[in-house]
> 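What follows is a single structure, and I will ask about it in a moment.
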Amino acid sequence: MAARPRLPLTKAYADPESRSARLFRRAQEVLPGGNSRMTVFMAPYPPYAAEGQGSWLVDVDGDRRLDFLNNYTSLIHGHAHPAVTEAAARRLRQGASFPLPTPEEIELASLLVERLPAVEHVRFTNSGSEAVMMAVKAARAFTGRVKLGKFEGAYHGSYDYAEVSLTSVPENWGPLAEPASVAYARGTPSAVLEDVVVLPFNHPEPACRRIEREAQRLAAVILDPVPNRVGLMPATPEFLRAVRDVTAAHGVLLIFDEVISFRVGYHGAQGLYGIRPDLTVLGKIIGGGFPVGAVGGRADVMAVFDPRHGRPAVPHSGTFNANPVTMTAGLAAMRLLDAEALRRLDELGGKLRDGMRASFTDAGIPGSLTGAGSLFRIHPTAREPMDYRSARQDPVESARLSRLVRYLLDHGVLVSPTGLGCLSTPMGEAELASFLDVFAAAVAAERQNASA
Ligand SMILES: Cc1ncc(COP(=O)(O)O)c(C=O)c1O
């Protein structure tokens, strides 16, 4: 049995006089709701991060937690990996950014082109959201069509079109075969809703029928093969094949959003499934922990960005695009992420999901796990979710998940409030064992709660 670090209570932040509590009070004076990034908000307030080292994150109140969230799956090598930190610091000492391109962007683009079968040319951005926006604009310019197809519940960042039907509910989601276009942000123009065709994830027949009906107006369909917000259930191979075939048959571009799923295979999810999208959107792990995004794909489509012959079809600027610190850190991180590192992560991920399933079964508490490779998501339900609608939780289930996540947070383990988590390469059997100990205790506490 691997030696396991024992995890102590980690709830100093919860004291109303903790540094985290005081920071949050100050934050509310200058940030709306004390918050600058919705994902990091937790009620009533989050612990504030001070530093990270490998698998561990230390908060400003001195508590250490095993970080199974890794900045929402971005830090595939955990915190402050020496090779990544040294590469970034070396580059930073030579200047942070320039009004000229740097050689590093060619290196990182080459690595991506080498790894991703469907990517011939790459363009960098500062976030996955921007990359999604540029992919959609590229598809529109290339096809001369306007509409975007997207799957119900799927998250692709903060671009208005990509946000449609992100949080549909039974009262407004409409029929499964033709999900309604539901605004996410108040004030979304009705034209945006009209130009988004919402599709049911993992339902090949109705999805393809709707794509066929709309094909003449559809520029692209955007698809995340392992969509976290849908429920992190991997797409079935038949579904992906059907969507690829129908889009190809009608000249609709298929955009794979691999911002998260790139970590499920050395050649991304597209390599695992053997599907060639026309465009691929990347982010998170390719920046080595720094802000990043990229859109890549077929050279003929990517030519919409080519400025050599005057103003391109899709002009694309960005003060910090391909900035050399991100490029250098990303290159170091991606080089470390070889096929063996991914194989090891996948194996650990499988064990972790199995261990969590066993905890639920042993305790007789309804719960299931989705995910792939080094990604997992905890569902507080006995059913195995297969699409957005089956993953939706009722209030009792949501409350159970919140208690589980809070128990983990207070006992040395960080996952997202929605139950999303992932592994990083510094983790091994010991970290897994510690996690599973705490998880089993969280589920046992839930059983007591249920019988109280
Ligand atoms: C699948 C997916 N696409 C796009 C994005 C947007 O990326 P960013 O947060 O870098 O804008 C995210 C972010 O979590 C994501 O998970």
Side-chain angles (χ1 to χ4, degrees), residues 74 76-77 83-84 87-88 90-92 94-139 141-142 157 253-263 265-271 276-309 312-339 342:
S74 307
I76 194 127
H77 302 299
V84 179
R90 196 179 339 108
R91 195 62 185 84
L92 184 57
Q94 298 168 318
S97 61
F98 306 96
L100 293 174
T102 59
E104 286 83 355
E105 68 188 45
I106 310 169
E107 295 301 315
L108 185 56
S110 301
L111 181 143
L112 299 174
V113 166
E114 200 183 291
R115 290 203 184 184
L116 289 160
V119 172
E120 293 173 325
H121 285 169
V122 177
R123 215 139 163 121
F124 291 105
T125 62
N126 297 292
S127 68
S129 299
E130 279 173 68
V132 164
M133 178 173 75
M134 296 321 297
V136 173
K137 289 175 78 166
F142 185 78
L253 299 191
L254 179 61
I255 305 171
F256 260 24
D257 180 343
E258 295 230 35
V259 167
I260 289 185
S261 70
F262 191 18
R263 63 153 63 216
Y266 186 79
H267 302 292
Q270 56 195 257
R276 263 184 106 85
D278 301 293
L279 292 174
T280 300
V281 177
L282 301 166
K284 303 213 193 251
I285 64 168
I286 68 163
F290 289 85
V292 78
V295 51
R298 281 167 43 187
D300 59 340
V301 180
M302 293 296 290
V304 300
F305 298 116
D306 181 348
R308 286 175 299 178
H309 311 292
V314 181
H316 174 220
S317 298
T319 307
F320 294 107
N321 288 358
N323 86 80
V325 181
T326 298
M327 297 294 104
T328 305
L331 202 55
M334 292 306 293
R335 282 183 176 150
L336 282 170
L337 189 67
D338 57 16
L342 276 169

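All heavy atoms count here, side chains included; hydrogens, waters and symmetry mates do not.
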> Closest approach of G128 and V281, non-hydrogen atoms and distance?
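Closest approach of G128 to V281, heavy atoms only: O-CG1, 4.0 Å.
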> Between F305 and A138, which heavy-atom pair has the shortest distance, and what is it?
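Answer, listing the atom of F305 first, then A138: CZ-CB, 3.8 Å.
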> Output, in order, the C-alpha distance, side-chain angles, deciding distance and verdict of side chain to side chain donor-acceptor pair (under 3.5 Å) for S110 and E107.
CA-CA 5 Å; S110 301; E107 295 301 315; 5.6 Å; no
> Out of curiosity, K284 NZ to F262 CZ, how far, rounded to the nearest 0.5 Å?
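Rounded to the nearest 0.5 Å, the NZ-CZ separation comes out at 14.5 Å.
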> Does CZ belonging to F320 count more than 12 external heavy atoms closer than 6.0 Å?
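Open.
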> Calculate, to the nearest 0.5 Å, the distance between atoms OG1 and CD belonging to T328 and Q94 respectively.
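Interatomic distance, T328 OG1 to Q94 CD, rounded to 0.5 Å: 8.0 Å.
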> What pair of heavy atoms forms the shortest contact from V304 to P312, and how long is it?
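Shortest heavy-atom contact: O-CB, 3.2 Å.
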> State which residues pass side-chain hydrogen bond (donor to acceptor under 3.5 Å, both in side chains) with N321; sequence neighbours excluded, sorted by chain then number.
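side-chain hydrogen bond (donor to acceptor under 3.5 Å, both in side chains) list for N321, sorted by chain: N126, H316.
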> Where is the tightest heavy-atom contact between A333 and G288, given as atom of each residue plus distance?
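Residues A333 and G288, closest heavy atoms: CB-CA, 3.7 Å.
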> Could you tell me whether E130 and R123 have a side-chain N and a carboxylate O separated by less than 4.0 Å?
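No salt bridge links E130 with R123.
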> From L342 CG over to I76 CD1, what is the distance, rounded to the nearest 0.5 angstrom?
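Between L342 CG and I76 CD1, I get 6.0 Å after rounding to 0.5 Å.
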> Would you please name every residue forming a salt bridge (charged side-chain N to carboxylate O under 4.0 Å, His left out) with R298, sequence neighbours left out?
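Partners of R298 under the salt bridge (charged side-chain N to carboxylate O under 4.0 Å, His left out) test: D278, D300.
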> Can you find a heavy atom in the side chain of V113 that is under 4.5 Å from one in the side chain of L111?
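A side-chain contact is absent here, since even the closest heavy-atom pair is not under 4.5 Å.
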> Do D257 and V132 have side chains that approach each other closer than 4.5 Å (heavy atoms only, starting at C-beta)?
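Yes. Closest side-chain heavy atoms under 4.5 Å.
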> Between atom CG of L112 and atom CE of M334, what is the distance when rounded to the nearest 0.5 Å?
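That separation rounds to 6.5 Å.
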